[in-house]
Amino acid sequence: MSNSFSRKHSSSPAKKPFLIGVAGGTASGKSTVCQTIIERLGQFDVDQQQRQVICISQDSFYRELTPAESEKAKLGQFNFDHPDAFDYHLILKTLKRITAGESCEIPVYDFKSNARIEGKQATLYPADVVVFEGILVFYTQEVRELFDMKLFVDTDADTRLARRVLRDITERGRDLNKVLHQYTTLVKPAFEEFCLPTKKFADVIIPRGAENLVAIGLIVQHIQDILRARSEAPGFERRRTVNFQLSPEEEDLDFSQHRQNSEPCLSRPH
Ligand SMILES: Nc1ncnc2c1ncn2[C@@H]1O[C@H](COP(=O)(O)OP(=O)(O)O)[C@@H](O)[C@H]1O
Ligand SMILES: Nc1ccn([C@@H]2O[C@H](COP(=O)(O)O)[C@@H](O)[C@H]2O)c(=O)n1
């Protein structure tokens, strides 16, 4: 039986959200894992503004490029896998506002133009659980220390490359030769230098990504336990509703069917 619950909003201050970091190589399945966790917490059909569990992507925080860098990016020669490609100031500012329980605006990134969409922002509303996913979310100590739970999605490199090629061509408007060139000269070396070493910071490593429903089920149960404990603490203000137990239907969830309806993490249009 599904055991979601709701409580009327109170005037007491909301607790600091539970912040989960999800790292892993490109196309390892980070956003799919996050989406599956959100679905299993019963949050998938909930309107963005009403969600108790939200997910944001580090991709939203790619920094603006200079005209020369932009030209290199068009040729697949700009290193988007290096820590310098991100706007860490904005990441920290945003995560601090999120942990303070405040709403905030974040950029919307466009992979086709390699730039933020001008004049477009996504609004993040306060939530009880915030998931932040990206290749380098564990790279800096300052960001790493903000997470209450750290997950690393560990998917075989060949599988990731195969998915990446398909995704970049079909969703990101890229050309096969440039995808392969970018992967071999920039993505793979940067993964080995900057992303893979951060695996040691993870509390839980998820082999095979989103197909690992056992790992995802355990993580979901842990989040439910935390939310339940928080809801029982004095002064708790519940914002929305969340499933505290998996329904029999969810227990039998057919992952492949659910993924067809899934939407990516907030502000990840491809
Ligand atoms: N378990 C899986 N089986 C098949 N395809 C998958 C699986 N996980 C992810 N994908 C596909 O691989 C691509 C990359 O997945 P995604 O979750 O976006 O990875 P990441 O967020 O790590 O870049 C997407 O096209 C996604 O649909
Ligand atoms: N303009 C851009 C920005 C990023 N990338 C690549 O995206 C990867 C990170 O996103 P994932 O969803 O795969 O985690 C990263 O490996 C960058 O190379 C890009 O190609 N173009």
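Atoms within each ligand, like the ligands themselves, are counted from 1 in listed order. Heavy-atom basis, side chains included; hydrogens, waters and symmetry copies ignored.
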Enquirer: Heavy-atom contacts with A27 under 4.0 Å: which atoms of ligand 2 show up? List them by number with element.
Expert: 13 (O)

Enquirer: Which ligand 2 atoms are under 4.0 Å away from a heavy-atom of D59?
Expert: 9 (C), 10 (O), 12 (O)

Enquirer: Using a strict 4.0 Å cut-off to heavy atoms of N114, name the atoms of ligand 2 that fall inside it.
Expert: 1 (N), 2 (C), 21 (N)

Enquirer: Short list, please: which atoms of ligand 2 are under 4.0 Å from a heavy atom of Y109?
Expert: 1 (N), 2 (C), 3 (C)

Enquirer: Using a 4.5 Å cut-off on heavy atoms from C-beta on, say whether the side chain of C55 contacts that of I37.
Expert: no

Enquirer: Work out which heavy atom in I20 is nearest to a heavy atom in F147; give both atom names and the distance.
Expert: C-CD2, 3.7 Å

Enquirer: Out of E211, K30, R163, whose heavy atom is nearest to atom 7 (C) of ligand 1?
Expert: R163

Enquirer: Check K188 with E192, please: is the shortest side-chain N to carboxylate O separation under 4.0 Å?
Expert: yes

Enquirer: Can you tell which part of R167 has a heavy atom less than 4.0 Å from ligand 1: side chain, backbone, both or neither?
Expert: side chain

Enquirer: Contact between S57 and ligand 1, counting heavy atoms under 4.0 Å?
Expert: no

Enquirer: Between R174, R172, K178, flag the one that comes closest to atom 21 (N) of ligand 2 by a heavy atom.
Expert: R174

Enquirer: Using a strict 4.0 Å cut-off to heavy atoms of A27, name the atoms of ligand 1 that fall inside it.
Expert: 14 (C), 19 (O), 20 (P), 22 (O), 23 (O)

Enquirer: Would you tell me which option among E133, R164, K188, R167 has the nearest heavy-atom contact to atom 11 (P) of ligand 2?
Expert: R167

Enquirer: Which of the listed options, G25, S31, S28, G24, holds the heavy atom that is closest to atom 16 (P) of ligand 1?
Expert: S31

Enquirer: Using 4.0 Å as the upper bound for N to carboxylate O, is an ion pair formed by R116 and D87?
Expert: yes

Enquirer: Give a yes or no answer on whether the side chain of N212 reaches the backbone of P207 with a donor-acceptor pair at less than 3.5 Å.
Expert: yes

Enquirer: Are the charged groups of K72 and E69 less than 4.0 angstrom apart, N to O?
Expert: no

Enquirer: Below 4.0 angstrom from a heavy atom of K30, which ligand 2 atoms are there? Numbered from 1 as shown, please.
Expert: 14 (O)

Enquirer: Please state which option from T32, V22, T170 has its nearest heavy atom closest to atom 17 (O) of ligand 1.
Expert: T32

Enquirer: Check the orientation of H222 and F18. Use parallel for under 30°, tilted for 30 to 60°, and perpendicular for over 60°.
Expert: perpendicular

Enquirer: Are L213 and I205 co-members of a hydrophobic cluster defined by side-chain heavy atoms under 4.5 Å apart?
Expert: no

Enquirer: Under 4.0 Å from a heavy atom of D81: give me the atoms of ligand 2 that qualify, with their elements.
Expert: 15 (C), 16 (O), 17 (C), 18 (O)

Enquirer: If the contact criterion is a heavy-atom separation under 4.0 Å, does Q182 count as touching ligand 2?
Expert: yes

Enquirer: Counting only N and O atoms by type, is there a donor-acceptor contact under 3.5 Å from the side chain of Y109 to the main-chain atoms of I117?
Expert: no

Enquirer: Would D148 and K16 pass as an ion pair if we require N to O under 4.0 Å?
Expert: yes

